[in-house]
There are 2 protein chains.
Amino acid sequence: MENLPAHFDSVFTVDCIIFGFDEGELKILLIERNEEPFKGWFALPGYFVEHTEAIENAAKRILYESTGLKDIHMEQFYTFGALGRHPHGRVITVAYYALIRLTGQKEVKPITNFAKQAVWMNVKDIPQLAFDHSRIFRKGFEKIRNKISYQPIAFELLPEKFTLTQLQNLYEVILNKKLDKRNFRKKMLSYDILKELDEKQKGVSYRAAKLYKFDKRKYAKNFQKELSFGK
Amino acid sequence: MENLPAHFDSVFTVDCIIFGFDEGELKILLIERNEEPFKGWFALPGYFVEHTEAIENAAKRILYESTGLKDIHMEQFYTFGALGRHPHGRVITVAYYALIRLTGQKEVKPITNFAKQAVWMNVKDIPQLAFDHSRIFRKGFEKIRNKISYQPIAFELLPEKFTLTQLQNLYEVILNKKLDKRNFRKKMLSYDILKELDEKQKGVSYRAAKLYKFDKRKYAKNFQKELSFGK
DNA sequence: ACAAAAGTGTTTGCCGTACACCCATGA
DNA sequence: TCATGGGTGTACGGCAAACACTTTTGT
């Protein structure tokens with residue numbers, strides 16, 4: 001959306017909502033724009049789709065340029081093409097989301113030159129965003145909130161080894177409600193998609209919890225069915 | 001997708017899956033193409049998005065041009081932008097579906113000049129379609145199949161007044177499975193979104209069934225919740 | 001010994017499912 | 001009177017929901 005000719009016809013872009021889970025908070029990656037329009041505003045990472053590039057690849061490229069991460073599953077969720085959504089002309093944007101694991105390197109170095117900085121921001125504190133990105137964010141957040149209830153996407157946000165409490169916290173943050181500990185554990189374990197490890201949490205000043213892994217193999221076997229998290 | 005310059009850059013189109021329910025069969029509207037590429041093939045109704053036109057409006061325009069129908073709710077469900085999906089160059093298409101009421105006028109007169117004819121075709125008999133339209137159709141069909149389980153979209157396909165058996169047939173066709181009559185009625189009535197009319201079916205050679213209407217008002221009141229149809 | 005979170009079962013009510021016969025109507 | 005679909009109730013099982021105390025560990 002930078003270096004635009006003064007006048008242009010239709011242009012495609014991809015915008016990405018990149019979710020991460022860190023210190024009990026669900027966050028998304030935002031760019032602080034360093035150019036007009038919306039200079040100084042926060043925006044979703046996004047960029048043009050090249051003429052020789054499949055949309056899906058553009059989304060992956062943008063994720064890579066924003067975070068340095070590769071091989072992350074991205075999901076397209078909506079295409080925004082209202083007139084006037086970009087002040088310079090007709091821009092249609094295909095929106096994707098990704099769920100990533102923020103273990104260790106929380107450092108994000110945007111390669112995108114038009115951004116002053118990239119920051120992880122708690123989904124509860126998102127300010128007004130550039131363009132129609134607030135709307136895009138709301139729609140994407142709604143999608144994952146909906147999806148987490150019947151698909152095991154939560155694991156993509158957690159470190160490989162996690163405790164049941166961490167998993168529950170993540171569900172609570174995404175669904176924005178408290179869950180009952182006993183019911184949550186009972187149900188989650190009943191799905192039989194977790195592998196209990198012979199290992200415990202370390203470095204906590206209270207009773208250490210067991211660690212679990214998501215077991216892809218079990219999941220594939222057991223599930224044509226769905227998960228479900230009501231209360 | 002006609003009258004293209006030999007070479008062109010990115011182009012947007014909209015493609016529509018227009019569902020109708022008629023004589024107990026779920027059908028979609030297809031165009032028989034009269035021009036290359038894919039001359040003689042069936043395709044989803046679709047066309048270019050004008051530079052000065054919101055995508056949503058393009059979808060509505062195409063529906064109007066294909067069926068003469070206005071004010072139909074259309075829902076965007078996916079954007080297809082693989083390289084090579086159109087043999088002449090880069091074409092990205094935003095796909096919509098619509099559910100329409102085929103009461104009375106089943107006649108469809110396509111205004112689109114590039115089509116030889118438009119036909120309603122049973123979703124069970126769809127042949128190989130032009131471009132990647134088979135894939136688009138499958139994805140769209142999956143969406144409504146999924147959606148009908150928790151949203152009252154079935155009513156958009158039925159005449160204003162309908163019997164419970166007609167409604168059940170429609171669910172059965174979309175979900176592609178038999179439902180139990182007593183359970184279906186019990187559950188449907190329990191949602192309290194139907195208005196029972198003082199009127200019966202006419203012209204049948206057996207006991208006439210009561211007619212019902214979908215009651216939007218009740219629906220809006222009662223539903224933050226969801227519908228649900230398993231078996 | 002205290003603080004903090006881990007871990008664990010039972011009861012209740014509702015909802016989904018299975019299942020079969022009589023009724024009303026027109027031909 | 002027959003054929004065709006319309007219309008109806010009950011019993012069972014399983015799952016979601018509510019709910020509180022003991023255990024472990026580090027400080």
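Chain letters run A, B, ... following the sequence lines, proteins first, then strands; residues in each count from 1.
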Nucleotide N/O to protein N/O under 3.5 Å, stretch nucleotides 24-27 of chain C:
from	atom 1	to	atom 2	distance (Å)
dA24(C)	O4'	Arg207(B)	NE	3.4

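- What separates NZ of Lys178(B) from P of dG16(C) is a distance of 21 Å, to the nearest Å.
- A pairwise comparison of heavy atoms in Ile144(B) and Ile153(B) identifies O-CD1, 3.9 Å as the closest pair.
- Remark: Lys195(A) pairs with no residue by the side-chain hydrogen bond (donor to acceptor under 3.5 Å, both in side chains) rule, at least two apart or across chains.
- Here the closest heavy-atom approach between residue Asp15(B) and residue Leu44(B) is recorded as OD1-O, 4.1 Å.
- Applying the side-chain hydrogen bond (donor to acceptor under 3.5 Å, both in side chains) criterion to Glu56(A), with sequence neighbours excluded, gives no partner residue.
- Following rounding to the nearest Å, Glu196(A) (CD) and dA6(C) (C1') show an atom-to-atom distance of 13 Å.
- Regarding Gln201(A), its CD atom lies at a distance of 11 Å from the P atom of dA5(C), rounded to whole Å.
- Thr165(A) meets the side-chain hydrogen bond (donor to acceptor under 3.5 Å, both in side chains) test with Arg185(A); sequence neighbours excluded.
- Rounded to whole Å, atom P of dG5(D) lies 13 Å from atom CD of Glu172(B).
- A close approach under 4.0 Å does not occur between any side-chain nitrogen or oxygen of Thr165(A) and OP1 or OP2 of dA5(C).
- In this structure Lys60(A) satisfies the side-chain hydrogen bond (donor to acceptor under 3.5 Å, both in side chains) test with no other residue, sequence neighbours excluded.
- Computed from coordinates, the Tyr191(A) OH to dC15(D) C1' distance equals 10 Å when rounded to whole Å.
- The two atoms that bring Ile31(B) and Ala118(B) nearest to each other are CD1-CB, 4.0 Å, heavy atoms only.
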Between protein and nucleic acid, restricted to nucleotides 8-15 of chain C and to nitrogen or oxygen atoms under 3.5 Å apart, what atom pairs and distances do you find?
from	atom 1	to	atom 2	distance (Å)
dT10(C)	O4	Lys186(A)	NZ	3.0

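- A cation-pi geometry, defined here as NZ or CZ lying under 6.0 Å from the six-membered ring centre and within 45° of its normal, does not hold between Lys143(B) and Phe77(B).
- We find that CG of Asn169(B) is positioned 13 Å from C1' of dG6(D), with the value rounded to whole Å.
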